[in-house]
Amino acid sequence: MMKKLGAVLLSCALAFSLTACGGSGSSTDAASTPAAGSEAAGGEASESAPLSGKVVRVAAVDPQVALDPMQYTYSIVMKITDNVAESLVTTLDDGSIEPTLLTKRPEVSEDGLTYSFELIPDVKFHNGETLKASDVKYSFERLVKLVKMASLLQYVEGYDALYNGEADELSGITVQDDTHFTIQLSQPYAPFESVLSTAYCAIYPEAACTEAGDDWGFGTLIGTGAFKMDSYTNGVGVNLSAFADYHGGAPKIDGVEYKFIEDVNTQMLEYQKGNVDFVELDTAIYPVYASNPEFSEQMHSLQPVGGYSMGFNTKTISDPKVREALSLSIDRQAICDSILHGTATVPNSYLCKGLIGWDESAPAYEYNPQRAKELLAEAGYPDGYDVRVTVNTKYASNVAIATAFQAQAKEAGINVNVEQVDSAAWSDMKSSGGVDCYIANWYVDYNDPDSMLYSYMDSRTDSNSSFWHNAEFKELTEKGVQTTDEAERQEIYQRAEYIMTREDFAVAPLYNETKYYVLNPAITGFEMGSTYRMFWKNADIQ
């Protein structure tokens, strides 16, 4: 069955910057006014009042799209909406599942096909409506209809019929009453609960979401989260205010203000002035602040599960020997040291440490231009090889990496042409097969190897811009999602990853990065884990 995912790169999304102030109080007088004619989160047309009191200010880039992860998979979108809308469960850093809108984790039948859920009673949406099981069914059906991340629910009974327009609902979701519902799968799917924790599976109120139409995520966004959206102003920012009726207890802070600041240097200047409280440090400026003792207690790090890779269009670069030669022509350690300033490490797997399938004993990917030359000669290119590497100019580090590769590959007799295009051209070229070689990043949406590998599974997505197909890989990954034994899954995914990166060389992992951010030391309780999502519900300002 073909799963149509569209081009989804959770982490390839718009990475946003953060800025933190060193002062004690973190209130703001800045107003963020909705666009003319827009509606506030509660559905009433109004202008949002300036945030006041305990307010955390976050520097961010402007998403320039609806704040709706079902439609736009940019990381900045989810870092905002995670505080407004909630999913049924939450995946913790250690991979465990915690109920969020449920009284307990779902009960699963012995055959692994039927999941029974019970919602916490009387959970309120921001507009005062009570969360019902019918809202869950509506939200999941909306996800499938919007196509972008529909494949997450591929194994729910009735998926094909709804996706293909042959039905109006997911037949596998049955509502018993306002707080009880079941989901029937067509086959066992081990990561299913983890999938339900993603931002794409957030639960929205059916009536309000339907009424908002195209305004959803712009003037209107309603969830059950600790904060409600007061305004979203293009070029200015997003204002979130505390939701007093939050089912988990009212937040300790009064609001969160996302301030759109595009330039990374300006973000840090604003932090130093005390105008923002949280800034994600861009790699280019990390060394400046890492060596400054003033920021030693304000700088934090995390290691998102995922990394950067060089991808290949296997239609145009069809010989695995050529792809292996290209991989061997990358001096990853030099890239980590000189371009990324020591914030990244050379990987030994496309799967990261902490994921099932990661092989601790595998060697790191090497730089061996002499072996690359030999492989090219074997492939019929004794006089060298020309390759075009296309990069999106929005991401300066990708341009720098491609340029470094251009110099490194010369020793192997590879002539690299770096093609720089804007975001619109990048998306069009990648989906249409107009890119031969590219640099991209991918991070898990849920802590499971399936989340790293499904984009290469031709049976589950048509967004596989490498156009790579391998029967054994497909069989292994399909078996992997039906297997619950962890030791068996380890063997399955270890072999699948080996095929992808060391036999067929469908992709060449480049590096795993450490993310750094600065945070106002007066702020406590902030949460941002390995899935690279941002939560302020437990935050406080001392």
Side-chain angles (χ1 to χ4, degrees), residues 6-9 11-12 307-332 334-336 338-340 350 365-442 455-456 458 462-470 500-502 504-511:
V8 281
L9 279 167
S11 52
C12 200
Y308 278 73
S309 299
M310 179 176 288
F312 307 118
N313 181 336
T314 59
K315 285 185 177 180
T316 58
I317 307 177
S318 58
D319 193 327
K321 288 185 177 181
V322 174
R323 299 196 294 266
E324 182 179 3
L326 290 169
S327 179
L328 288 168
S329 302
I330 308 166
D331 190 342
R332 296 168 173 83
I335 290 172
C336 290
S338 62
I339 296 176
L340 304 170
Y350 186 75
Y365 297 101
E366 65 173 328
Y367 175 54
N368 191 336
Q370 184 55 45
R371 177 56 182 155
K373 274 186 177 181
E374 295 170 0
L375 286 166
L376 289 175
E378 293 173 15
Y381 302 97
D383 299 322
Y385 185 79
D386 296 338
V387 66
R388 174 174 55 109
V389 179
T390 306
V391 290
N392 186 341
T393 53
K394 186 172 182 65
Y395 306 104
S397 61
N398 289 6
V399 177
I401 291 166
T403 304
F405 173 59
Q406 184 180 51
Q408 294 166 358
K410 287 180 180 179
E411 192 172 342
I414 298 174
N415 178 43
V416 177
N417 173 31
V418 178
E419 179 184 37
Q420 301 185 40
V421 299
D422 62 21
S423 295
W426 162 260
S427 298
D428 290 343
M429 291 173 66
K430 200 161 178 283
S431 61
S432 65
V435 174
D436 298 327
C437 185
Y438 57 93
I439 295 168
N441 54 352
W442 187 277
S455 66
Y456 282 89
D458 58 283
D462 63 357
S463 68
N464 181 355
S465 52
S466 75
F467 303 100
W468 175 63
H469 307 284
N470 180 286
M500 185 173 75
T501 68
R502 297 186 188 266
D504 275 9
F505 298 92
V507 62
L510 292 176
Y511 62 87

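The model shown is predicted, which means the values in this text are computed figures rather than measured ones.
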Side-chain donor-acceptor contact under 3.5 Å, Asp436 with Asn313: no

Contact check, side chains of Val391 and Val418, non-hydrogen atoms, under 4.5 Å: yes

pair Trp442-Val507: side-chain heavy atoms closer than 4.5 Å: no

Stepwise side chain to side chain contact (heavy atoms under 4.5 Å, CB included) check, Thr501 with Tyr365: CA-CA 10 Å; Thr501 68; Tyr365 297 101; 3.0 Å; yes

Worked check of side chain to side chain contact (heavy atoms under 4.5 Å, CB included) between Val421 and Thr393: CA-CA 6 Å; Val421 299; Thr393 53; 6.0 Å; no

Pairing residues for Tyr511 by the ring-ring contact (aromatic ring centres under 6.0 Å, His included) criterion, not counting sequence neighbours: Tyr308

Closest heavy-atom pair and its distance - Phe467, Gly433: CE1-CA, 3.6 Å

Reference residue Phe312; test side chain to side chain contact (heavy atoms under 4.5 Å, CB included); the match among Leu326, Val387, Asp504: Leu326

Worked check of side chain to side chain contact (heavy atoms under 4.5 Å, CB included) between Phe405 and Val416: CA-CA 8 Å; Phe405 173 59; Val416 177; 3.6 Å; yes

Straight-line distance of Asn392 CG to Glu419 CD, nearest 0.5 Å: 11.5 Å

Met310 CE to Cys437 SG distance, which is reported to the nearest 0.5 Å: 4.5 Å

Less than 3.5 Å apart, which donor and acceptor atoms pair up between the side chains of residues 369-384 and the rest of the protein, not counting sequence neighbours?
{"unit_1": "Arg371", "atom_1": "NH1", "unit_2": "Glu374", "atom_2": "OE1", "d": "3.2"}
{"unit_1": "Glu378", "atom_1": "OE1", "unit_2": "Lys321", "atom_2": "NZ", "d": "3.3"}

Separation between OH of Tyr438 and OG of Ser309, rounded to the nearest 0.5 Å: 8.5 Å

Donor-acceptor contact below 3.5 Å, side chain Ser432 vs main chain Met429: yes

Side chain to side chain contact (heavy atoms under 4.5 Å, CB included) involving Lys410 - partner list, sequence neighbours excluded: none

Arg332-Ser327 side chain donor-acceptor pair, cut-off 3.5 Å: yes

From CZ (Phe505) to CE (Met500), nearest 0.5 Å: 12.0 Å

Value rounded to 0.5 Å, distance of CD1 in Ile401 from CD1 in Ile439: 5.5 Å

Donor-acceptor pair, side chain of Thr314 and main chain of Ser466, under 3.5 angstrom: yes

Side chain to side chain contact (heavy atoms under 4.5 Å, CB included) between Asn417 and Val389, intermediate numbers included: CA-CA 6 Å; Asn417 173 31; Val389 179; over 6 Å; no

Ser318 backbone acceptor or donor facing Arg323 side chain under 3.5 Å: yes

Spacing of CG belonging to Asn415 relative to CZ belonging to Arg388, to within rounding of 0.5 Å: 13.5 Å

